[in-house]
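These notes are about the structure you will find just below.
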There are 2 protein chains.
Amino acid sequence: MQKAKRLPAIEKIIAEENISSHEMLLKKLKAKGINCTQATLSRDLRQLGAGRVSDGKGGYKYTMPESSNSTLSVSNRLQVLPVVCDIVDAKGLLVIRTLPGNANNAAIYIDNSSRYEIAGTIAGDDTILVIPRDGITNHQVHTCLELILPGLHEKIKGK
Amino acid sequence: MQKAKRLPAIEKIIAEENISSHEMLLKKLKAKGINCTQATLSRDLRQLGAGRVSDGKGGYKYTMPESSNSTLSVSNRLQVLPVVCDIVDAKGLLVIRTLPGNANNAAIYIDNSSRYEIAGTIAGDDTILVIPRDGITNHQVHTCLELILPGLHEKIKGK
DNA sequence: TTGCTTTTTGCATATTTATTCATTTATTTT
DNA sequence: AAAATAAATGAATAAATATGCAAAAAGCAA
């Protein structure tokens, strides 16, 4: 299962370069040692919530949502990760524990991602409650959070 | 030539509704009495700089660039029009005269449109210089300005 | 582990979108 | 106005993207 590596790689590539087709993305991934088919990219791009916008030169390019929003950019979102202590599933919800005073800040990252899977979050001082949308499995939320904060899954209790 | 009516109509439709395919847009236009083919829509959408982004429900929808930027929304951009006095072509450039003190404000509308055809603008107190990109005809710029400020063409000198 | 369920993936194909070419319609030039 | 040039459009088709389905891989429960 290379999806876990592929998704962040795709995200990074389309954020940094002008990708105008699946074909082109396929080659960029191959150059990074990641092989898959166009069909898989189609599914990945949809899952990532990637869009296709004008490249300003009369053509189109793929893009990540809110890529203009610096709080979400690939390069700096890892900053939030060190404050996360652990994650526990509870009653269909997720509880994320952070360093004291950091819950709100971390929750903002999650909210800003505007992921469909997450209905919303409530943050206290050192605890975030993540409320998944109806019909979303815990596992889907984990995958989703891993997208928002790569490396996060290592913090999941019992893993 | 119905392009002049069609483009603003397309813009309005995709700004207000969730359009997920050319086919769907075709029907909406037909309902408004505008008939064309899918091929034409493909060209129109590209010219409008329209994008396709996640609809938040796992699918895609078409969008206008900066549709979140209220200074550009269809509903309020007409406000700038009354301050425009006339437009003159000169040396491959366009000179727009406005009411005193209003040039900068009007120029911001034009800049915000991020149209490919327009390389940039310089605004004084009551005059805007619009600099078209190389290879763009005056006529193309007129069409383009008409898109940004519907009704503008009536102000063009000698028309 | 073993069997059961869910997820991921490729292949083939369907669907959607873009482009080429020919024609018409508009615009500019003389 | 007439001729010449450029722009717009549709039909057919090419190219790009999405999806159904089956197989394989991964995760889960006991």
Side-chain angles (χ1 to χ4, degrees), chain A residues 1-10 14 19-27 29-30 34-55 57-63 89 117 135-144 146-147 153 156-159, chain B residues 1-10 14 19-27 29-30 34-55 57-62 89 92 117 132 135-144 146-147 153 156 158-159:
Chain A
M1 180 115 55
Q2 20 185 15
K3 198 178 182 182
K5 302 164 214 160
R6 203 175 55 239
L7 257 45
I10 292 173
I14 67 179
I19 301 297
S20 60
S21 71
H22 293 184
E23 202 67 24
M24 187 173 171
L25 182 51
L26 219 47
K27 285 175 189 164
L29 284 168
K30 192 168 219 167
I34 298 177
N35 287 73
C36 69
T37 62
Q38 175 271 321
T40 296
L41 287 190
S42 174
R43 291 181 274 242
D44 287 352
L45 287 167
R46 171 174 302 218
Q47 178 169 5
L48 284 167
R52 198 193 52 171
V53 302
S54 173
D55 65 359
K57 304 189 196 67
Y60 292 112
K61 65 177 177 186
Y62 284 92
T63 146
D89 293 359
E117 293 91 331
I136 301 296
T137 67
N138 261 4
H139 188 261
Q140 283 178 305
V141 179
H142 286 170
T143 305
C144 168
E146 173 68 18
L147 277 175
H153 72 278
I156 295 175
K157 205 81 171 196
K159 292 275 164 174
Chain B
M1 179 117 53
Q2 20 183 17
K3 199 178 179 182
K5 300 164 214 158
R6 203 176 55 239
L7 257 46
I10 291 173
I14 67 180
I19 301 297
S20 59
S21 71
H22 293 182
E23 202 68 23
M24 189 173 170
L25 182 50
L26 219 49
K27 284 175 189 163
L29 284 168
K30 192 168 218 167
I34 298 178
N35 285 74
C36 67
T37 63
Q38 175 269 322
T40 296
L41 287 190
S42 175
R43 291 182 276 242
D44 287 353
L45 287 167
R46 170 173 302 217
Q47 177 168 6
L48 285 168
R52 197 193 51 171
V53 301
S54 172
D55 66 358
K57 302 188 196 68
Y60 293 112
K61 65 176 177 186
Y62 285 91
D89 292 0
E117 292 92 331
I136 301 297
T137 66
N138 261 3
H139 187 261
Q140 284 177 305
V141 179
H142 286 169
T143 306
C144 165
E146 173 68 19
L147 276 176
H153 73 277
I156 294 174
K159 292 274 164 171

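Each chain gets a letter, A, B and so on, in the order the sequences are listed, and its residues count up from 1.
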Please walk me through it: do B:Leu41 and B:Thr37 pass side-chain contact (heavy atoms from CB on, under 4.5 Å)?
-> CA-CA 7 Å; B:Leu41 287 190; B:Thr37 63; over 6 Å; no
Begin from the C-alpha positions of A:Ile10 and A:Ile19 and carry the test side-chain contact (heavy atoms from CB on, under 4.5 Å) through to its verdict.
-> CA-CA 10 Å; A:Ile10 292 173; A:Ile19 301 297; over 6 Å; no
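Taking 4.0 Å as the cut-off between side-chain N and carboxylate O, B:Arg6 and B:Asp44 count as a salt-bridged pair.
Scored by the side-chain hydrogen bond (donor to acceptor under 3.5 Å, both in side chains) test, B:Gln38 finds B:His22 as partners (sequence neighbours excluded). Partners of B:Ser20 under the side chain to side chain contact (heavy atoms under 4.5 Å, CB included) rule, at least two apart in sequence or in another chain, are B:Met24. For A:Asn35, the side chain to side chain contact (heavy atoms under 4.5 Å, CB included) partners two or more places apart in sequence, or in a different chain, are A:Lys30. B:Arg43 pairs by the salt bridge (Lys or Arg N to Asp or Glu O under 4.0 Å) definition with nothing, not counting sequence neighbours. Under the salt bridge (Lys or Arg N to Asp or Glu O under 4.0 Å) criterion, B:Arg52 pairs with no residue at all, not counting sequence neighbours. Residues satisfying the side chain to side chain contact (heavy atoms under 4.5 Å, CB included) criterion with A:Lys61, sequence neighbours excluded, are A:Asn18, A:Val53, A:Asp55.
Rounded to whole Å, atom P of D:dA6 lies 17 Å from atom NE2 of B:His142. Atom-to-atom, CG of B:Leu48 to C1' of D:dA8 comes out at 15 Å; the value is rounded to the nearest Å. Taking atom CE on B:Met24 and atom C1' on D:dA18, their separation rounds to 17 Å, with Å as the unit. Atom pair B:Arg46:CZ and D:dA16:C1' shows a separation of 12 Å (rounding to whole Å applied). Atom CD1 of B:Ile19 is separated from atom C1' of C:dT16 by 15 Å (rounded to the nearest Å). Atom NZ of B:Lys30 and atom C1' of D:dG10 are 14 Å apart (whole Å). Rounded to whole angstrom, the span from the CG atom of A:Asn35 across to the P atom of C:dT8 amounts to 19 Å. Atom CG in B:Leu29 sits about 16 Å away from atom C1' in D:dG10, given to the nearest Å.
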Under-3.5 Å N/O pairs linking protein and nucleotides 23-27 of chain C:
from: C:dA26; atom 1: OP1; to: B:Met1; atom 2: N; distance (Å): 3.4

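For the segment residues 36-45 of chain B, the set of residues with a heavy atom within less than 4.0 Å of an atom of DNA chain C comprises B:Gln38, B:Ala39, B:Ser42, B:Arg43, in numerical order.
The phosphate of D:dA15 has neither OP1 nor OP2 within less than 4.0 Å of any side-chain N or O from A:His22. For A:Arg6 and C:dT9, the shortest distance from a side-chain N or O to OP1 or OP2 is below 4.0 Å. Side-chain N/O atoms of A:Arg52 include none lying less than 4.0 angstrom from OP1 or OP2 on D:dA18.
Ranking C:dT9, D:dA18, D:dT17 by closeness to the A:Tyr62 side chain, first place goes to D:dT17.
If B:Gln47 and B:Tyr60 are placed on DNA chain D by their nearest nucleotide, the residue sitting closer to the 5' end is B:Gln47.
Heavy-atom minimum distance, B:Ala9 versus B:Ile34: CB-CD1, 3.7 Å. In plain terms, the two heavy atoms of B:Ile14 and B:Ala50 that are nearest each other are CD1-CB, 3.9 Å.
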Secondary structure string for DNA chain C (Watson-Crick or G-U under 3.5 angstrom, | for other-strand pairs) | ||||||||||||||||||||||||||||||
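In this structure, the side chain of B:Tyr60 does not engage the main chain of A:Gly49 through any donor-acceptor pair within 3.5 Å.
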